[in-house]
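Start at 1 with the first residue, then count along the sequence.
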Amino acid sequence: MKRFGTLGAALCLAAGVAGCSGDETAPPAANPFPPLPTANTTYFDVTDEAGRWFDTRTTIAGTNSLAVVPPGQKIRFLQTRSFNGPSRVESFHTVTSLIFPSNATTSERIDQPTANKDDHEVTLNTPGLYVFVCKVHPYMLGGVIVDDPNTKTTQDEAALDIGNAQGGANDLHLEGVGDFTSNSNLGLRLLRAFFVVTSPSNWKDYTKVTTPPTKYQPAYPPVAVRVNPVGALGPAQGVVNGIVPNLNAALQGFFDGEDIVASTTPTTPGVGEVWVDTQYEESAGKGPAYPSTITVVDAATWAIKQKIALPNQKMNNGHNMWASHDQNEIYQTEWHGESLYVLNRTDGSLKQELVLGPDPAHVMTRVNNGQVHVGLNGGDAVSEMDRNTDGTLTFKRNILVQLPGQPQAQPHAHWMGFDGLSMVTPNSNSGDSTLYDFSIDGILAKNTTGPLPIAAAMDPRSIRYYVSNYLGHSISVMCGPNGQPLTCNGRNPGQKIADVNLLQNYNPVTGIVGGNGAIGGLPIQTPVSPDGRFVVTGNTLTATISIINTQTATLVKSLPCDPGCHGVNFGAKSGGGYYAYVTSKFANRLLVYDIDPNGDGNAADAALVGSIVLVDGGTTAKDDTITGNRGMGGQGVLPVPNVYNGWVQALPANSSFCSALNASQKDPFPAEAPATLCP
């Protein structure tokens, strides 16, 4: 029987489908969802549905996630139920104040110490823009404009308050950054990002390639708004006394209009396959309540070879993957649910579903024993599983990544040491990173990184590791488990060495990028290249990838990406070297970068060398019919075979991938790594 889960059972019961709750003889239940009071109250349904995570059930300029309210309005976020029926959410979330007027009171801010399924409310009085986020799933955005009815244009027409009515040099506040002006390049970027993230019609669709080229032109509310009188927009955009006459025209003129270009595949093939979590793609068997498919790309031909939806399960927002050491199984997490799925790599069929706990985010194997580790992003732990001889898994234990009395950690994208002796976790709720030592089977260190750490990666010898701070716009360089003061600038394992500011070249008011031109903001996945030379980070805010030189811990270059740039992982390039494969949440193509084309250790010649549209073709094998958000939501990306140091040596000698790798790819550090099984 299809496993509907809590949300599916509630929806099924509300629809009156016999037997869907698992008890075909159960009598019809009384309606448990009486009408809610609407006086002075605005409701958001919290959902797992792509692009409608905070849903007002009313569309404004393409988004269902924005409400315009008068001062004194109560805002309620519903998780125990929806506005007019059962709950639309399965996973754990937070409702956290992200942006708010700089003079807002403490009572106008909202947060929770733990992820949960509770309802939350706040009363907003101060005019201006408020944006709320889920710290577990930080693309979940909801916005409220508290509008002073006295705000008018020079023609005495209504204008909405984006900046607050009191003005001031810095009239908005961004958690992790501080106060800033609403009429700054940063403020306008954030405002634009809100309407791109929450409006699926604004996502960048690479199936819309035409001659002449279609322009990428997101739509925004065509209304007058108040911003700070001083800043990026001025008289040239028709701004008078801080009133922007048409927000849509201003933002489109300021940011948009580039061509949607046709994709060109890399000239040099890759090795094996690339598996992508197209997390927002919808299919007929699951519907919008349970989005996500897996898209499999043949790296030799760059063709889309398979779409996997698991319609008989739910795979609610499938987020990240890893392969067994023999590459026979793929482990797939369910970020808006509770399960880990074990798939047969050759045909995509389901071998096993394990229910682990709230919001499994990332998954990796432990090199020395093949165990599987999954971070429970809605909780405190990393789940550990033993691998059985038939490829299935057996749950062993949960490893806590915080000490007694410390706040909930919410570990997201962890990384395992190349020798299987260590693990590091970025803890999004507690703003720190845990270094776990398996030789003592305990926490070796736990130290502050930056605001909302979301992803970690170790270098190939576990000497240093790197943590991306989503709201800090930075990468923390940490001393790794195999590091020591001599190699870690005097620091001990687990301690911070330095922070790399991804906005160091950026003027947040004017938007001018100086220095070497490198820029990044809202960074997410952050792997180290298998040769240890570079860290590559996907940046949601700036739609760029950032390249950091590991020897100098400096930001050396950035390259254009797509809206919602997110997932990064390295795979083998045919003939030698590596490709960085990059996915984006709000576009439907896989980007292929060559970070070091000539292998000299210098990223000056790093380049985007190709892209693949993640939409099924006529010959694509699939287990369900794709119905919406085609190819969208690229997040987890897994090249097969795994070519990271420690894992690549575990490829079996009879593997078809073995002969496709050259000597340096098979064993990047032959003097230090485990003996390779791949001859």
_I'd like to know if the side chain of Ser611 pairs up with that of Ser263 as donor and acceptor (distance under 3.5 Å, no hydrogens or angles considered)._
yes

*Would you check if the distance from the ring center of His414 to the ring center of His373 is below 6.0 Å?*
no

_Between Thr627 and Ser283, does the side chain to side chain donor-acceptor pair (under 3.5 Å) criterion hold? Intermediate values first, please._
CA-CA 5 Å; Thr627 56; Ser283 66; 6.0 Å; no

*Side-chain donor-acceptor pair present, His93, Asp359, cut-off under 3.5 Å*: no

*asked:* Donor-acceptor pair, distance only, cut-off 3.5 Å: does the side chain of Thr198 make one with the backbone of Phe194?
replied: yes

*With distance as the sole test, does Asn539 use its side chain to make a donor-acceptor pair with the main-chain N or O of Leu522 at under 3.5 Å?*
no

*Within 45° cone of Tyr579 ring axis and under 6.0 Å: Lys573 NZ or CZ*: yes

*asked:* Quiz question: by atom type and distance under 3.5 Å, do the side chains of Asn388 and Thr394 form a donor-acceptor pair?
replied: yes

*Take Tyr280 and Tyr139, measure what ring pair (Phe, Tyr, Trp, His ring centres under 6.0 Å) needs, and give me the verdict at the end.*
CA-CA 12 Å; Tyr280 302 156; Tyr139 45 74; 5.7 Å; yes

*Are the ring centres of Trp415 and Tyr465 closer than 6.0 Å?*
no

_Quick one, Asn602 with Asp600, criterion side chain to side chain donor-acceptor pair (under 3.5 Å). Give me CA distance, side-chain angles, the key distance, then yes/no._
CA-CA 5 Å; Asn602 189 326; Asp600 65 353; 5.0 Å; no

_Distance-only side-chain donor-acceptor flag, Gln352 / Tyr341, under 3.5 Å_ = no

_So that I can tick it off, tell me whether Asp459 and Arg533 are bridged by a salt bridge, with the cut-off set at under 4.0 angstrom between side-chain N and carboxylate O._
no

_As a quick check of understanding, evaluate side chain to side chain donor-acceptor pair (under 3.5 Å) for Asn588 and Asp205, giving each step before the final call._
CA-CA 6 Å; Asn588 52 2; Asp205 186 352; 2.9 Å; yes

_Working to the nearest 0.5 angstrom, can you tell me the gap between Asp562 CG and Ser584 OG?_
4.5 Å

*Using the benzene-type ring in the case of Trp, are the ring centres of Phe534 and Phe570 under 6.0 Å apart?*
no

_Electrostatic pair Asp390:Lys351 at N-O distance under 4.0 angstrom_ = no

*What's the verdict on side chain to side chain donor-acceptor pair (under 3.5 Å) for Ser546 and Thr537, showing C-alpha distance, side-chain angles and the deciding distance?*
CA-CA 5 Å; Ser546 298; Thr537 301; 5.8 Å; no

_Residues Lys307, Asp616: salt bridge by 4.0 Å N-O rule_ = no

*How about Trp335 and His412: are their ring centres within less than 6.0 Å of each other?*
yes

*Would Glu282 and Arg630 pass as an ion pair if we require N to O under 4.0 Å?*
no

*Gap separating the CG atom of Asn317 from the OG atom of Ser292, nearest 0.5 angstrom*: 6.0 Å

*Are the ring centres of Trp322 and Trp275 closer than 6.0 Å?*
no

_Is the terminal nitrogen or CZ of Lys204 (NZ for Lys, CZ for Arg) located under 6.0 angstrom from the six-membered ring centre of Tyr216 and within 45° of that ring's axis?_
yes

*Is it true that His566 and His319 have ring centroids separated by less than 6.0 Å?*
yes

*Please check if any side-chain donor atom of Gln635 sits under 3.5 Å from a side-chain acceptor atom of Asp277, or the reverse.*
no

_Glu49/Arg88 salt bridge by N-O under 4.0 Å criterion_ = yes

*Can you tell me if Asp596 uses its side chain to pair, donor with acceptor, with the backbone of Gly601 under 3.5 Å?*
yes

_Sole candidate of Val197, Val196, Ile524 that passes side chain to side chain contact (heavy atoms under 4.5 Å, CB included) when paired with Lys585_ = Ile524

*Does Ala289 offer a backbone N or O that forms a donor-acceptor pair with the side chain of Asp48 under 3.5 Å?*
no

